[in-house]
Number of protein chains: 2
Amino acid sequence: MNTTTRRGRPRKGDARLSREAILTAALEVVDADGAAAVSMRTVGQRLGVDAKSLYHHIDGKEALLDAVAGHVLGGIDLPDLTGQPEEDLRAIAQSFRQATRAHPQAAALVLTRQLPSIAALAPVEAVLSVLRKAGASPEEAVHLLRSLLAVVVGSLLREAGAGPAFGVTDEAGIAHRRAELEQTGLPAVVECAPHLARCDHEAEFSFAVDLAVAATMQRLVTPRR
Amino acid sequence: MNTTTRRGRPRKGDARLSREAILTAALEVVDADGAAAVSMRTVGQRLGVDAKSLYHHIDGKEALLDAVAGHVLGGIDLPDLTGQPEEDLRAIAQSFRQATRAHPQAAALVLTRQLPSIAALAPVEAVLSVLRKAGASPEEAVHLLRSLLAVVVGSLLREAGAGPAFGVTDEAGIAHRRAELEQTGLPAVVECAPHLARCDHEAEFSFAVDLAVAATMQRLVTPRR
DNA sequence: ACCTGAACACCGTTCAAGT
DNA sequence: ACCTGAACACCGTTCAAGT
């Protein structure tokens, strides 16, 4: 929680206002002070403009946050597909992670908002296309897409600091957390405490995605059951 | 968005205040009007008490929301384990889902808050214990636990109306969404539009969990790789 | 020990003006 | 066409009182 309020000097010169400028300013606020710091007033201030002026370009705060989330998600840089399904699915998942890592403070926003459907269809098309070429029926492809998406969203949410974590990244905290876990007396938790206390988000993301992709391929090779 | 504000008549008789009573009142607000409707004032009102009184029992609004999330998660009813790992993992995942479905409006809260570590250790112990008995090393068990958790969290977040959905549950909306998807011109999206437009959350949850559990068992049978 | 009045520094949003 | 002053109905939180 940042108690110091950064002002971010208003730009008096170009008081020109536009949807694009507002979006950028809002994202700057998120990057600097977190999503909770976004208010019509803080965003307006960053543009040297009254909060109420924003309403001429944006539908309100909720719409603004949706737009910011969509903007970040739009920054996803999809890989060139190789035709090797496992490799391609992994690469798409990684590109999703890169997009959220570009704005870590905005990640929870992206993962948590019901986006205006159309915003994120490029990666969806990519995944479905890979699955279809790998032999999935349209119905199966959709189920598999949703499973993969759940893994990606769940993993990134944990990395973003929302969602259950149990683990910590800084060496200082790990020992402390480990001790806590060992004091629970829960046998499996105690046994696993050293690994539970530590969380390497990149490694966990890759592990989970690899597992999901492997399961996907398995399902396609052994259809139905 | 509920424009009508429900008052919920204050209980003048037992103006006794306690952490437990506050928690219950807060959860009632969440269930009735959604998490966004929770404020120190609305919760106090429901107890017939001034908002400021809550501070004598609770650390502030954030702490209150954390406590509500922990309370819902604490309501998880773990299954008796059968010794059959696949079955047990699925049953634990389903019990997790049941806990959030008991308070649908609180689901996003539960999934999204960094919970005070200790709150949710019972299900963790259950999963780790199953994985260890199935032959996983402590390290492997933790990776697999995190993968499974990601699937569960990602799936439930979608069901809770946060997170990307693409699909809709009411028959009315499905046709509309399908038409939208078909107009995108993205070939795989168009091809899959009928299935993409519809989303049966229970079926999708089970599909994703089954897939993850299958992958987990596969990984345990074929160690390392 | 527990509750509240007064107070402070914030919110999002509307609308009738002003240019 | 775009911006704002005045205004409204909210927030979370502190602190010095009151019982």
Side-chain angles (χ1 to χ4, degrees), chain A residues 1-8 10-30 32-69 109 112-113, chain B residues 1-8 10-30 32-69 109 112-113:
Chain A
M1 205 90 21
N2 242 345
T3 51
T4 65
T5 306
R6 283 179 225 162
R7 298 266 155 210
R11 303 163 186 170
K12 291 201 273 187
D14 52 348
R16 208 73 277 60
L17 208 44
S18 72
R19 188 187 152 83
E20 190 60 25
I22 292 171
L23 235 97
T24 304
L27 190 49
E28 284 171 13
V29 173
V30 173
D33 296 317
V38 174
S39 79
M40 301 306 268
R41 283 164 170 88
T42 54
V43 173
Q45 187 173 255
R46 190 167 282 259
L47 293 164
V49 139
D50 191 280
K52 299 186 287 326
S53 303
L54 306 183
Y55 286 87
H56 289 271
H57 304 90
I58 290 263
D59 234 23
K61 191 190 178 182
E62 290 301 294
L64 173 56
L65 291 177
D66 279 344
V68 170
L109 226 56
T112 256
R113 306 230 124 213
Chain B
M1 208 77 36
N2 243 345
T3 51
T4 66
T5 305
R6 282 176 227 165
R7 298 265 155 211
R11 304 162 185 171
K12 289 201 272 188
D14 52 349
R16 205 95 247 75
L17 208 45
S18 71
R19 188 188 152 83
E20 191 59 25
I22 293 171
L23 234 97
T24 303
L27 190 49
E28 283 171 15
V29 173
V30 173
D33 297 316
V38 174
S39 78
M40 302 306 269
R41 282 163 171 88
T42 56
V43 173
Q45 187 174 254
R46 189 167 282 258
L47 293 165
V49 138
D50 191 280
K52 298 184 287 325
S53 303
L54 307 183
Y55 286 87
H56 289 270
H57 304 88
I58 289 264
D59 233 24
K61 191 189 179 182
E62 290 300 295
L64 173 56
L65 291 177
D66 279 343
V68 170
L109 225 56
T112 257
R113 305 227 126 216

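Note on naming: letters A, B, ... go to the chains in the order of the sequence lines (proteins, then strands), and numbering restarts at 1 for each one.
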Interatomic spacing from CZ in B:Arg113 to CG in B:Leu65 - rounded to 0.5 Å: 4.5 Å
About how many Å separate CD of A:Glu28 and CG of A:Asp33, when rounded to the nearest 0.5 Å? 11.5 Å
Atom-pair distance (CG on A:Asp50; P on C:dC11), nearest Å: 12 Å
Do any N or O atoms from the side chain of B:Ser53 and from the backbone of B:Val49 form a donor-acceptor pair under 3.5 angstrom? no
Test side-chain contact (heavy atoms from CB on, under 4.5 Å) applied to B:Met40 and B:Lys52, step by step: CA-CA 7 Å; B:Met40 302 306 269; B:Lys52 298 184 287 325; over 6 Å; no
The contact string for nucleotides 12-19 of chain C, one letter per nucleotide 5' to 3', using protein heavy atoms under 4.0 Å with B, S and - for base, sugar-phosphate only and none, comes out as BBB-----
What dot-bracket string describes DNA chain D from 5' to 3', counting Watson-Crick and G-U wobble pairs whose defining distances are under 3.5 Å, with [ ] for crossing pairs and | for pairs to another strand? ||.|||||...|||||.||
With A:Ser39, which residues qualify under side-chain hydrogen bond (donor to acceptor under 3.5 Å, both in side chains), at least two apart? A:Thr42
Measure from CG on A:Leu64 to P on C:dC11 and round the result to the nearest Å. 14 Å
Do A:Lys61 side-chain atoms and A:Val38 backbone N/O form a donor-acceptor pair below 3.5 Å? yes
Hey, what do you get for CG (A:Leu47) to CD1 (A:Ile22), rounding to the nearest 0.5 Å? 6.5 Å
I want to check one thing: is the phosphate of D:dC3, taken as OP1 and OP2, less than 4.0 Å away from some side-chain N or O of A:His57? yes
I'd like to check B:Val29 versus B:Arg46 (side-chain heavy atoms, cut-off strictly below 4.5 Å). Are they in contact? yes
